[in-house]
Amino acid sequence: MEQNVWLIASAWMALALVASLISIRLGISVALIEILVGVVAGNFLSLHTTEWIDFLATFGAGLLTFLAGAEIDPDSLRRHLKPALAIGMAGFFAPFIGVFAVTYGLAHWELHAAWIAGISLSTTSVAVVYAVMVETGLNRTEIGKLILAACFINDLGTVLALGILFANWNVWLAVFVAVTAVVLWYLPRMTRLVIRRVGHRVSEPEVKFLFLVLFGLGGLARLAKSEAVLPAYLVGLVVAGVFMRDRVLMDRMRSIAFTLLTPFYFLKAGLYVSLPAVMTSAGLIALFLLTKMGTKVVGIWPLTRWFRFERREGTYTTLLMATGLTFGTISALFGLTNQIIDQTQYTMLVTAVIGSAVIPTLIAQRFFQPVVVPDGPAQSEALAHAERLATPPMRGVAK
Amino acid sequence: MFHKILIGLDGSETSEQALDHAMALAELTGAELHALSVEERLPVYAATVGEVMEEERYEHHYFDGVQARARTRAGERRLELRVEVVAGHAAHALVEKARTGGFDLIVIGHTGHSRLHHIFLGSTADRVVESAPCSVLVVHERRKVG
């Protein structure tokens, strides 16, 4: 029987609407609720994806990654580049290596599956960190901005690993890298030109221009067997300065993403989580989550002390950087879609990712919430010290 | 009797009644009146920073309206009301404000809008009463005074 596209679309949109209503009622991000609604729909309603839903979901993940890259404050990143690089890289490598070792050595996963596990649980959720910082006022301080910059570097590591580790090292990869480099170089001024000449019209040429770039680079990434989220994040990073001055464009793109694209992505991410697998693998899920949190502590906490964060502030920062959501699910879904991991492994990773969004945040807020005086003397001193010390630890961490 | 009164203002019916009680007390005692609104609907576990920022803007807009109405009502009674909006958990923010600001009375409505916080940790009023460094007047829903 021919598929009724409208009925399928209405079923998915009904779930997305339910997720939005629950999210507003509970004050929890719609992304997390969409994943959980997807879990229910997949396990109890036998909901399936179609080719066009897969495309919308993939585009949603790409656009989400682009928005994540575009949300960085370039000036803040430049100001705190060295300490942010040190903390961000430690935040990526420590859990990547730790989770890889546990899944490959202890759980006996295949090599590539263990890579996916390491990548999925190496992430930091910039949005979770930001939301928690807003509540403490830390987002308005320079230390807070340094932490956010470090989170972006951490996620850049994740995206680079996903884009590079699974790519085919052939001529297509060379073409992809060369074209991406040229596009990234010219994109900020091209975007500004498009906005200046034809921007903010009803036909939204600037949005279409950016979609064209994302589609084109995503297509080249796919030819190189790389992942479309890599160029999407990089494109976001290079146009972040443009977006800082044009919040309307950012808001429009977010509206498009959150209305029509990301619901399909997050619902689909939840759809493949098998509840029976959660039950049977609960021990391993807990082990993966503990490994992620433990390795984040090992990698980041000493650096926060080295940069003279207060003990409480350092622990708080470390726990916030142990959170994860969007990039974790994107990485796990990439593994499942490309048959690098199976559904049980996917279930374990996504459940651990969801746990990492919730548990470190709760611990940080309950036990380590710092009392913040925006840019008080202690913070300024710690920041100045961090900048002075940035070079020596960089040598150790960056290698 | 009271010198500085802090009102928890979230736009709910009982917080409006709390404002009435606080204004009546201020008229009797000549106490300073301060109102604190707490943005606690920011999405937890968000997917993008923009999502949080957009909710922040929405909350600011909402509380601007709530506080403007409260100041107008205080003005009608020739009282000065100082207002402030912060993000965080309502109970924690109120207690901290009372502690750092040297307040001797907190006036709050019995039902706020803490949602999950309320389900797992009790109402905002319960938590404020438990932790406040000063006296707390909890206003239950009933007909307006004054």
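By convention in this document, chain letters (A, B, ...) are assigned in the order of the sequence lines, proteins followed by strands, and residues within each chain are numbered from 1. What you are looking at is a predicted structure, and each value in this text was computed from that prediction instead of being measured.
The structure places OH of B:Tyr45 at 10.0 Å from CD1 of A:Ile33, a figure rounded to the nearest 0.5 Å. Here the OG1-OH distance, from B:Thr48 to A:Tyr130, works out to 11.0 Å after rounding to the nearest 0.5 Å.
Heavy atoms only, all atoms of each residue included: B:Ala46 and A:Ala127 are closest at O-CB, 3.3 Å. In plain terms, the two heavy atoms of B:Val49 and A:Glu71 that are nearest each other are N-OE1, 3.1 Å.
If you measure heavy-atom distances from A:Ser29 to chain B, the contacts under 4.5 Å come from both the backbone and the side chain. Using a 4.5 Å cut-off between heavy atoms, A:Ala68 does not touch chain B at all. In this structure, no portion of A:Val129 lies under 4.5 Å from any heavy atom of chain B. For chain A, the nearby part of B:Glu56 is the side chain; its heavy atoms alone come within less than 4.5 Å. Using a 4.5 Å cut-off between heavy atoms, A:Val132 makes no contact with chain B at all. With a 4.5 Å cut-off on non-hydrogen atoms, A:Ile72 does not touch chain B at all.
Of residues 260-271 of chain A, those residues lying under 4.5 Å from chain B by any heavy-atom pair are A:Phe266.
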Exercise for the section: In sequence, state the C-alpha distance, the side-chain angles, and the governing distance for B:Arg57 and A:Asp251, and then conclude on side chain to side chain contact (heavy atoms under 4.5 Å, CB included). Expected result: CA-CA 12 Å; B:Arg57 285 204 294 269; A:Asp251 288 346; 3.0 Å; yes

Exercise for the section: Output, in order, the C-alpha distance, side-chain angles, deciding distance and verdict of side chain to side chain contact (heavy atoms under 4.5 Å, CB included) for A:Arg247 and B:Met53. Expected result: CA-CA 11 Å; A:Arg247 302 306 301 180; B:Met53 287 177 164; 3.5 Å; yes

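Within a 6.0 Å radius of CD in B:Glu130, no more than 12 heavy atoms belonging to other residues, nucleotides or ligands are found.
Here A:Val134 is the residue among A:Thr326, A:Thr361, A:Val134, A:Thr329 with the most heavy-atom pairs under 4.5 Å with chain B.
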